[in-house]
Each structure stands twice: as C-alpha cells, then as structure tokens.
Amino acid sequence: MDLRGARARLWADPLLLAVPALFLILVLIVYPALQTLGLSFLSKDGAFVGLKNFADVLSDPETLNLARFPAHTPPWGSLVHNAIWILLHLPLTVAIGLGLAILLRDVRGSAILRSIIFLGMVTPMIVGGVIIRFLFDENAGIVNAFLRLAGLQALARSWTAYPDTALLSLILGSVWLWSGFAMVLYSAGLSTIPRDYYEAASVDGASPLQQFWYITVPSLRPVTSVVVAMTILWDLKIFDLVYTATLGGPGGSSMVLALQMYFYGFRALRFNTAAAVATVLSLFTLVVGIAFIRSSRREE
Amino acid sequence: MATVQLHHVTKQFGDVTAVHDFSLEIDDGEFLVLVGPSGCGKSTLLRVVAGLEEVTSGEIYIDDRLVNHVAPKDRDVAMVFQNYALYPHMNVYDNLAFGLRMRRVARDEIDRRVRQAAEILGLADLLRRRPAQLSGGQRQRVALGRAIVREPKVFLMDEPLSNLDAKLRVEMRTELARLHQRLRVTTIYVTHDQTEAMTMGSRIVVMKDGRIQQVASPLELYEQPANLFVAGFIGSPPMNFVRGTLEPRDGDLWFAAAGISIRVPGALAGATAGLGGHPIVLGVRPEDILVDPERVRVLPDHRVEALVEVVEPLGADAFVHLLAGEQRLTARVPGRVKVRVGDRLTVAPDPDRIHLFDPATEQALSRAATSP
Amino acid sequence: MGLVSQPAPYGRPAPGRQATPHAGSTTPPPAAGRGTPSPAARPLPGRRLRPAVILRHTLAWLVGLLWIVPFLGILMSALRPQAELIHGWWQLGQVTISAENFVRAWNHPTAPMGEGIRNSLLVVVPSTVLPLLIASLAAYGFLRSRARVRTPLFALIILLLAVPQQMVAIPLFRILRDLGFINSYAGLVVTHTAWALPWMIMFLRNYFATLPREVEEAALLDGAGRLQIFWHVILPLSLPGLASAAALQLTWAWNDFFMALILLYEPTRLVATQRIPLLRGQYHVDWGILTAASVLTIAVPILVFALLQRYYVRGLIGWTLK
Ligand SMILES: Nc1ncnc2c1ncn2[C@@H]1O[C@H](COP(=O)(O)OP(=O)(O)O)[C@@H](O)[C@H]1O
Ligand SMILES: [Mg+2]
C-alpha cells in the first residue's frame, strides 16, 4: 500500500470534524464523571477508603430507612422513594399514555387536547413543582376542593406538607406532567400500524379487544420500551420537581437521590459522600440505559 | 479530453466482488457504453473511476495519470446520477454554477458557461426554478448541464435516462448523441437496457457479475456474441437456444435434439472438428428462422417441423411462437406472412447465422472468417 | 390556548369535519375548522351522530379537562387580584383581569422575574446555537468517518446520554471555579453546550443519514471539500432536523435548573427558573406572585413549542424512536 496515501487519508478522515465536540465532552462530562467516581472512593482528606462512603450512604437513614418501611409513614429513605416513584409512575405512564393516544385518535379537536396534555413536557419542572403544590394546596388547590365536595374533609389539606402524602402527591403530579410524552410517542406509534392489519383481523373475526391485544400491543412494543426506559431514567434523575414542591420534606419524607446528592455536595460540603450518591445514581441510570440499548438492538 | 485506462481493476465490498479484474482502454472522445443486468457492477465501476470508491486492486489512469489516490474533485470528471442528485435547495442556475464556484471560476465566466449550457439544453427559461418545480425530463437536463458546465475531461453517466418515460427516453438518447457529437468529451455511459446500449454506443462493454463478457461494436455484439450470456442478453426477443449433441453422420457433424436435426454448416466445421458426441447449444435469432417455403426448400438439411402455438402481430413484423419437437422457438416473420395458431410449418434456421456454444465453457465456437 | 391550535403533526389528520353536537356546543371549535362550512351544513355520510362517537368525544374532552383545568388554574390565579382568590380561583362570582401579580413578580424585591427572564435569554440563545453548530459538525464527521475509533467513540457518546448531571456536578463546579467561570454565563453556556452534544450528535447523525448520498457525492465531484459540502449541502438540506434540535435544546436549556443552581450564585445573575423557589414563602405562600412567575417562565418554552410544534414533536419522536 501507498503509505503516504494511507496517512493522508487518515488525516483527512471526517472524524476530525468531531474534535471540538469530543473535546468539550471529554473535558466537561467524561473527566468530571471519572473524577466523581474517584472521589467516591476517597475520604475527605484524600485517602483511599474503598467502599466506606458507599457503606455510609447506604446505612444513612436518609438513603435507606428500613426501620420505618413499610409499617410507618415516610421518610423511608431516598432509595426507597425513588423505587416507589418508578413502581407507581411506570405502569401509570404506560397505561395513561396509551389510553390517551387511543382515545384521542379520531376525536375532533384532538390537536388542541394533545397540545395541552403535552404542555406538561414543555413546562420547566421547577414550575411543575409549583403546579403540584398549587393543585394540592389546602385552600388554593382544586384537588382539595373536590375532596371536600366529595365529603372527604379529612383528606383535604396541603398534601405536600405532610409526610404521609408528600411523596404520593409528587408522584401523582409527575404522572400528570409526564403523560404527554408517552401519549405523543404512542400516537406516533399508532399511526404507523397499517390499517390493513385491523381489517384483516376483523375479517378473521377478531373482536376489538383481541385486535388490541394481538395487533396494537405487539406493534407498539418498540414504543413501549422507549417509554419505559425514558420514564425510569426520568424518575431516577428527578430533582427540580421535588426542589420547588417540598425540598425533600417534610422531614425527608420526599427526599430523592439526586436531591440528596445536592444537599451533601453543595449544602453540607461532604463531597465524597455526595460523589458516592452520584455514583450509585449513575449506576442505576447506566444499567437502564444499557438494557434499553440492548433491547432496541435485539429488535432490529 | 482524455483517455481512461483501467488495468485489472477489482473492487470488493466485504466478500462481494462487485468488479472483477476489469481491464479496458477508452479512447479520447469516445462514447463507451457499459451494459449489463442490474447488480453486475456497472455503478461500482463508474464510482471507482470517479473516485467515490477506492479500488481493491488494479490501476486507473486518466490521461496517463495514475489516479488511484487522487480525490474525486481532482480527477476532473463529472458524473450524471441515475436519480439526478440535484441540489434540492438550489435553483437551476445555482445547481449549474455550484461546481464552478467551488473551483473559484470567475463570476463572469460562470455566468457565461451556465447560460451557454442552459441554452444548449433548453433550460434558459427555468434558471430560477428549484428542482422540485421541474419535470423529470427537465431535471435530467439540469443534471446533464451540471456536468457540461464543468467542461471536464470525462463524463460518467449512470443510467441517466432510466427514470424517464419511454417516449422521453428515446428523445433524450438522440439529444445525448448530438451533445456528444458537439462536445466530444470522453464518456462512459452505463445502462442496463440493451436497446439503449445498441443505439447509443459505438463500442459496447457487456458486463456480468463484475466481469467483462465482450467488448465490441453493436453489430459485432449482435452478430458474433462471444458467449451464451451476451447472445441471450443482446437482442429482443432473445436468441433461441436449443440444447443438443453433435453427432457425426455421413462424414458431417449434425446437431441433434429431440425432434430437431440440423447439419452443422461449413463455416462452423473448423470449430466443431472432433467434437462428435459432445453436448452443444445451438443459438439462432428469431429473424434467422426462415419460414418462407421458397427459402426453406433449398435447405434440405436444416428443416424443422413446427407447430404454431401463438402469433403476436406487431405491424411490420410478427413473432411466431413455435413448438418443434420438445423445443419452443420464437421466429420473427414479416407482418404480411399469413400464419395461424395450429398451423404446421416447415421452418429452417439460416445456416449462415447459426451460433454454436460449448455448454461447459458457455463460449461461442468461432465461425470461419469466410462467412459473409 | 389559541397558541397551540395548529393541527398536530402526528397521526393521521384529524377527521375534524364530522358533525358532533357536543364538539359544536360545549367546546370552542378548533382553529383549523374556522372558515370552513359549518359541520351541519355538510353532513358526511356514516358516523355522524352515532352514540359511540358522541360518547368518545365527551370522554375525550372530559379527560382533557384533567389537563386543561390545572393550567387554567395557574393562569387564573396569575391574572386575578389576590382578594378574588381567597376562596379558590374556581370561584367565578367576580372576575377581574389584572396585571398586578405579573407586575409584582416582574419587580419582586429579592428575585425580580424580569431580570431572570433576561438572564435566561442571555444564556439560552448561545446555549442553543453553539451546540447546534458543534454537534452538527461532529454528527457529519461520525456519519462519514471510516476511522476505526468512530464506533467506540459513538458508543461512548450514547452511553453518556444516561449519565445524570449529579455525576459531574462537583468536579465541574471546581473546574469552572478554577477557570473563573462561576457566576458567569459563559460557564453555564459551555456546560449546556457540552451537555447537549451527545444527544444532538446522535439525533443529527441519524438525520443526516437520511439525506440522499448521491447529492453529497455530486458535490464531491463538483469540487467541494468536506466543510464546503457540510455548509452548502448538508446543513441547508437538514433545516427541519436542525429546527427540531434547536426547539428541544432551547426548551431544555431554558427549563434547566440544576446546572444554573450550582454555577450561578450572584442574586442579580440568577436565571428565571432559579428565582421561582425564591418567591415561595416559608409559611405563607403568595400564590398570585408564584403563579404569575410560573406563567412568565413557562411562556418562552410554550412559545417555542407553539411556533416549532411540528419540529418539536418530530424531534422528540426522532430522538427517542430513532
Ligand atoms: N457500498 C456497497 N456495499 C456493499 N455492497 C455493494 C455496495 N455497492 C454495491 N455493492 C454490491 O456490488 C454489486 C454491484 O453493484 P452495482 O455496481 O450497484 O451494480 P449495477 O450498477 O450494475 O446495478 C451488487 O452485488 C451490490 O450489492
Ligand atoms: Mg447501478
């Protein structure tokens, strides 16, 4: 081979165009992330302490308070809170997103309805937190107005201000804000299913319910895996919403990992503990991310 | 103006060999047509010449300069793509001017050349339009224009007419021929359409599976196909092929198949000498199957009894589909000859125009040079 | 909500002309229907007035109310004077529209929203343009590269999509502090830029891959270099994709809170999202101010969404569904 030609081609490789991007990514994402990883194994004075920070974090009731779970009211620890968030949010998002997409399919004015439902996705989550507080406020909140109307006086109070309801109100609020995302993806997914499938199935005598189970659901599998992955990632990274609505309170009853990391790192200045929390969080998100990539590879 | 030389060019994509040991010299100002079925490597060859793909092995010379490692833009070639590949966001003028701008040609000169090309191609009134606002034929012209304004050494055209409707395609053939007469730029023209190849090329390269099958003039391709593939590919309807064996009889060789027995004509005697008992393929073009009783009568050793199965009248000619023994043959007869389905005819392949092929090598057995 | 009344780009076009008394009487007609003959004048054969259709529409709009009402509540609370809201914004006995809450939020003594919006704009515009440029270059590079490292590098970039901001927060803060970029918009802009690069590179690479290859090759033969092709061919042909990326990034950068929280401290430099928590009193909540500030903060992303809705949604779909 002509060596000069080969070298010239290597230098001319278009990947050169990615150098500025790669530089920024390396300096501002990869390098700091690796440093955080490193910090999580060090003590305050820079000595290597192995997994001690992780052990500290996991034994801290703020992270994991199994003495209270599930017999007592929250706080149960941020790890449990994040897990509950996912467990409640995920099925609700999938069901509501798909339900809305199907319901709005042939409805007059559905464009407006979809836009409004989608507003939750456009809204800054910091405002999302305000909206949640506003909805569940004892006096200003319409949720409580309805509860009173239904005769449930006992429940009519500022949900975000009580340990037993703070987390729940945040989760419900996040479902409300996030539905637009799943709806839009499912709408797009539905529109790609050819009509013939349904026509063929109804010719074969399939009932609407059977058509739903045997045509709609399998065809939407790729969409569902996106919705699931994104929702889990979103729930793990949840921060702004909690910050404005409850600041993790009262008494840590709505604390989540991302917020806990912020408090350790930027309020208590316990950088190593914060790094350990961040590392745990990243571990979860990476597992979800990799699982998603692998599942979408398999579908191809 | 330039010559193009390809020396043993091979191009592989993974385990697919798209072009195999391809050698060819193209003369200055020649209009060379490359024809072959789809997937045979025509586009790949053009792209290799253009520099859009690198060769796996072999050398390419343009004007005696080795261009293997020369970037496409420095090869001074222009390509017309099958789907035109116009810049959708630019109007016709800018589409034509882009290549000149990239080469920093002076503004006046760009304007002069663009207008001249537009004039030649009848695009003068369309200069402000975008490709989406043009008809297929007009887009085709813009694609040509984009090549012309550059005044390159070589034109590479990859099935440029295949997206046009039949009528327009015929018109554009003539127009392209005229254009070449006028500009005399060395051109490699790729098509999968053998009719197009036959009408446009002065020299035609027939390709199959990445290999050259034959390089010849249209007439030679037609009359002396080098192998079974070329014989079957060129001509429409295709040549009739009959599998049989060579049998020695009364000192001559005879071609024998079920229901058909024909004496091998003298012109092929040399090539077939000593092949008695060998399997063989006989080829005869539809128009070379004689049905006129006057002419059949004088060919006692070539008569074939046949049943008329289908008649396709086309006006001047008619295609008559015959069953001879177990063989199906198509004959092309003058339109006024009266044949009807169910008729029994005695026909004869014109002995001067019989082709014989070796079924093992698929090569034609050559005819003695004395044949007219 | 006239802002977002363009027909949605997703799904089939809404079969909006069917006559349903429900849609005609209790809800405003969609903007798209304006100027067309009234439904009653052009009855379509088939499904009109069938009970199932009526039921479906009623249900859809009832469900829709679940989203309409809260947003309406925020708007009402922001637009009406405090005195009217004591018994809830849904009390419609007396409705006065006033800008009072907006004025108070805009000129708030400790966290004026006017300043916050201005600051946000100063951050968001370069935080959109810069990554768009850098990412599109990189995306094109990745698409056309034949170098072996491109595959592991691209895998790394995809992996980074899952990394939470908390993972970089502390070292990033230290790096930018050492460079003197704390309290500076430059620091935040660079951070937003870097953070946007992975998803934008992936999104734009996939977008560029759908462009016709031959057009690019034609430009190559026309004598254009890589950068010229990028600039004269790839970018102009990718305007819809770039619009999608811009719409998403603009919104995300505007909506960002965490990065601003750790990089901007100086009270006059805080961006809009940072000011909202500061308006929330400890014991008494002034809903008028808080909702007005929320409306102000949400207005920009809504505007972006309304103007670039088609690109926004396509981008979101393209980004997630490939
Ligand atoms: N970029 C490529 N990668 C892999 N295989 C290719 C590529 N381009 C062409 N081929 C293969 O090379 C062969 C020749 O293709 P091509 O030159 O396009 O044929 P033609 O133009 O004669 O139809 C085909 O088998 C095709 O599948
Ligand atoms: Mg081809």
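Below, chain A is the first sequence line, B the second, and so on; all start at residue 1.
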Beyond-backbone contact of Pro164(C) with Leu236(A), side-chain heavy atoms, under 4.5 angstrom: no
Test item: His57(C) side-chain N/O and Val107(A) main-chain N/O as donor-acceptor pair under 3.5 Å: no
CD1 on Ile116(A) to CD1 on Ile68(C), rounded to 0.5 Å: 4.0 Å
Heavy-atom side-chain proximity of Thr285(A) to Val163(C) below 4.5 angstrom: no
Heavy-atom side-chain proximity of Leu261(C) to Phe239(A) below 4.5 angstrom: yes
Side chain to side chain contact (heavy atoms under 4.5 Å, CB included) assessment of Tyr262(A) paired with Ile262(C): CA-CA 9 Å; Tyr262(A) 172 75; Ile262(C) 63 171; 4.1 Å; yes
Top of Phe173(C), Trp195(C), Trp90(C) for chain A proximity - count of heavy-atom pairs under 4.5 angstrom: Trp90(C)
Stepwise ring pair (Phe, Tyr, Trp, His ring centres under 6.0 Å) test for Tyr243(A) and Phe258(C): CA-CA 10 Å; Tyr243(A) 190 98; Phe258(C) 184 72; 9.3 Å; no
Separation between CG of Leu197(C) and CG of Leu22(A), rounded to the nearest 0.5 Å: 9.0 Å
From CA spacing to verdict: side chain to side chain contact (heavy atoms under 4.5 Å, CB included), Val295(C), Val127(A): CA-CA 9 Å; Val295(C) 171; Val127(A) 173; over 6 Å; no
Side-chain (Asn255(C)) to main-chain (Val122(A)) donor-acceptor, under 3.5 angstrom: yes
Donor-acceptor contact below 3.5 Å, side chain Trp67(C) vs main chain Trp176(A): yes
Ile175(C) side chain near Pro32(A) side chain, heavy-atom distance below 4.5 Å: yes
From CD1 (Ile117(A)) to CG (Leu66(C)), nearest 0.5 Å: 8.5 Å
Among the listed options Arg226(C), Arg56(C), Gln165(C), the residue most often paired with chain A at heavy-atom distances under 4.5 Å: Arg56(C)
Non-hydrogen side-chain atoms of Val168(C) and Leu28(A) separated by less than 4.5 Å: no
Sequence-distant partners of Arg144(C), salt bridge (Lys or Arg N to Asp or Glu O under 4.0 Å), two or more places apart: Glu216(C)
Whether Thr36(A) side chain and Met167(C) backbone form a donor-acceptor pair below 3.5 Å: yes
Rounded distance [0.5 Å steps], CD1 in Ile170(C) versus OH in Tyr264(A): 12.0 Å
Nearest-0.5 Å distance, CG of residue Leu153(C) to CG of residue Leu15(A): 6.0 Å
Side chain / backbone / both / neither for Phe154(C) at chain A, heavy atoms under 4.5 Å: neither
Nearest-0.5 Å distance, OG1 of residue Thr279(A) to CD of residue Gln166(C): 11.5 Å
Contacting region of Ala135(C) [heavy-atom separation from chain A under 4.5 Å]: neither
Test log, rule side chain to side chain contact (heavy atoms under 4.5 Å, CB included), inputs Thr273(C) and Asp240(A): CA-CA 9 Å; Thr273(C) 48; Asp240(A) 315 7; over 6 Å; no
Side chain to side chain donor-acceptor pair (under 3.5 Å) against Ser145(C), all qualifying residues, sequence neighbours excluded: Asp13(A)
Selection from Tyr140(C), Phe230(C), Tyr312(C) maximising heavy-atom pairs under 4.5 Å formed with chain A: Tyr312(C)
Min side-chain heavy-atom separation Trp89(C)-Ile142(A) under 4.5 Å: yes
Min side-chain heavy-atom separation Ile201(C)-Ile25(A) under 4.5 Å: yes
Minimum side-chain heavy-atom gap Arg133(A)-Trp287(C) below 4.5 Å: yes
